[in-house]
Structures are given as structure tokens and as C-alpha cells.
Amino acid sequence: MAKFAVVVTSPAHANRTATAVAFVRELLQSPHELIGVFFYQDGVTNANLLTSIPADEYQAPAQWRALNKEHKLNLHLCITAAEKRGMTDDAAQNNICGDFIISGLGELVELTNSCDRVIQL
């Protein structure tokens, strides 16, 4: 049994993000352990409450929120990458989904040091 960390760098509307969600779902049902998902670069848009995806398209942000609720999955969000893309956790203008944990690259280092394999999508 291996320990995995997943790094999501693809935006909410990309096909690779759907692949990341599917991979995480499969991993959670396997004998392996998923210690966390880290959202970095354009992947942070998965946590943006203002992201609007047409109703007939894949809803990646909703899938991540469902995974968080179903499995208490740690969804780490790089705040620096988020701020570069207009996202903020400022109380007056917060547009970051509360299911995500505000983190930094230090958390990514801890995740990668604590696992056997890192998968980036």
C-alpha cells in the first residue's frame, strides 16, 4: 500500500481536471492512501466561488466539494497562486470555497515528503 499526494495544476474547465477527479475517486476506493490534494497554478480556479461553468459541462468544482464532504479529503489551496488569479480570503471579498484549506508551498513540501508517490494533473 502506497501513500499518494495529488497536485492539480489544471483549471476547473479543463479535461485534465475531470481526469484528476476520477483518479482521486479511484484512489480513495483502493487500498492505497491519499494524504492530500494540492491545488497550484491554474488549478486554484477549482476553489473560486465565482467560477461559472455552463450547466451542460463537467462541474469539477462541485466534484471536489463532494469529495471533501464524502471523504474528509484535505484540499490544499496555494494562496499565492490564488491571489495571482484574483482570488482572496479577505472577509469582505472572500471568493474562495470554504471546503479548501488555505496553504502555501510549505504544505506542498510536507505532502511530498510524507508520501511515496506524487501525481500531477
Side-chain angles (χ1 to χ4, degrees):
M1 183 169 102
K3 290 183 179 181
F4 284 80
V6 174
V7 179
V8 177
T9 57
S10 55
H13 62 275
N15 289 339
R16 284 178 297 173
T17 304
T19 301
V21 170
F23 179 79
V24 166
R25 282 196 185 281
E26 290 295 322
L27 196 55
L28 290 168
Q29 297 186 11
S30 75
H32 301 291
E33 181 181 356
L34 175 61
I35 61 170
V37 180
F38 190 86
F39 293 83
Y40 187 54
Q41 297 175 338
D42 286 341
V44 298
T45 61
N46 286 278
N48 190 340
L49 291 172
L50 301 177
T51 296
S52 178
I53 299 174
D56 62 339
E57 294 183 16
Y58 185 76
Q59 302 293 318
Q63 295 296 319
W64 290 119
R65 290 192 299 272
L67 281 170
N68 174 270
K69 287 183 177 34
E70 293 167 18
H71 301 280
K72 307 284 187 236
L73 183 61
N74 291 327
L75 303 173
H76 298 277
L77 179 76
C78 177
I79 190 62
T80 302
E83 288 176 343
K84 287 180 180 177
R85 288 157 180 85
M87 299 168 64
T88 180
D89 62 342
D90 179 63
Q93 304 172 342
N94 186 2
N95 61 350
I96 296 175
C97 177
D99 293 319
F100 290 77
I101 302 166
I102 303 298
S103 297
L105 292 179
E107 186 62 36
L108 178 59
V109 170
E110 286 187 30
L111 284 173
T112 57
N113 284 340
S114 302
C115 69
D116 301 310
R117 297 185 179 116
V118 177
I119 306 296
Q120 180 181 349
L121 295 159

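Predicted model only: the values in this text are computed from it and were never measured.
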Between [atom1] on residue [X] and [atom2] on residue [Y], distance to nearest 0.5 Å:
{"X": "Asp116", "Y": "Glu33", "atom1": "CG", "atom2": "CD", "result": "9.0 Å"}
{"X": "Leu77", "Y": "Ile101", "atom1": "CG", "atom2": "CD1", "result": "10.0 Å"}
{"X": "Ile79", "Y": "Lys84", "atom1": "CD1", "atom2": "NZ", "result": "12.0 Å"}
{"X": "Leu34", "Y": "Leu27", "atom1": "CG", "atom2": "CG", "result": "5.0 Å"}
{"X": "Glu83", "Y": "Asp90", "atom1": "CD", "atom2": "CG", "result": "9.5 Å"}
{"X": "Leu50", "Y": "Met87", "atom1": "CG", "atom2": "CE", "result": "8.5 Å"}

Is [X] reaching over with its side chain to a backbone N or O of [Y], donor-acceptor style, under 3.5 angstrom?
{"X": "Gln93", "Y": "Ala91", "answer": "no"}
{"X": "Thr45", "Y": "Pro11", "answer": "no"}
{"X": "Asn68", "Y": "Leu73", "answer": "yes"}
{"X": "His32", "Y": "Ala2", "answer": "yes"}
{"X": "Asn95", "Y": "Thr88", "answer": "yes"}
{"X": "Gln59", "Y": "Pro54", "answer": "yes"}

Any link between [X] and [Y] through a network of hydrophobic side chains (Ile, Leu, Val, Met, Phe, Trp, Tyr) touching at under 4.5 Å?
{"X": "Phe38", "Y": "Ile119", "result": "no"}
{"X": "Leu49", "Y": "Ile96", "result": "no"}
{"X": "Leu108", "Y": "Phe4", "result": "no"}

Of all the heavy-atom pairs spanning [X] and [Y], show the shortest one and how long it is.
{"X": "Val6", "Y": "Phe23", "result": "CG2-CE2, 3.9 Å"}
{"X": "Val44", "Y": "Phe39", "result": "CG1-O, 3.6 Å"}
{"X": "Asn46", "Y": "Ala60", "result": "OD1-CB, 3.7 Å"}
{"X": "Pro61", "Y": "Ala12", "result": "CG-CB, 3.9 Å"}

Would you mind reporting whether [Y] and [X] have side-chain heavy atoms less than 4.5 Å apart?
{"X": "Thr9", "Y": "Gln120", "result": "yes"}
{"X": "Leu75", "Y": "Val37", "result": "yes"}
{"X": "Arg85", "Y": "Asn48", "result": "no"}
{"X": "Ile35", "Y": "Asn74", "result": "no"}

Item to complete: List the steps, then state whether side chain to side chain contact (heavy atoms under 4.5 Å, CB included) holds for Asp99 with Trp64.
Response: CA-CA 9 Å; Asp99 293 319; Trp64 290 119; over 6 Å; no
Worksheet item: Glu70 and Arg25: side chain to side chain contact (heavy atoms under 4.5 Å, CB included), yes or no, with the steps?
Response: CA-CA 10 Å; Glu70 293 167 18; Arg25 282 196 185 281; 3.3 Å; yes
Discussion item. Are there over 12 heavy-atom neighbours, none belonging to Lys72, within less than 6.0 Å of that residue's NZ?
Written reply: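 For Lys72, atom NZ is not crowded (no more than 12 foreign heavy atoms under 6.0 Å).
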Worksheet item: Within a reach of under 6.0 Å around CG of Asn113, are more than 12 heavy atoms found that belong to other residues, nucleotides or ligands?
Response: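 Enclosed.
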Practice prompt. Applying side chain to side chain contact (heavy atoms under 4.5 Å, CB included), run through Leu105 and Tyr40 and close with a yes or a no.
Written response: CA-CA 9 Å; Leu105 292 179; Tyr40 187 54; 3.6 Å; yes
Discussion item. As a quick check of understanding, evaluate side chain to side chain contact (heavy atoms under 4.5 Å, CB included) for Leu121 and Thr17, giving each step before the final call.
Written reply: CA-CA 7 Å; Leu121 295 159; Thr17 304; over 6 Å; no
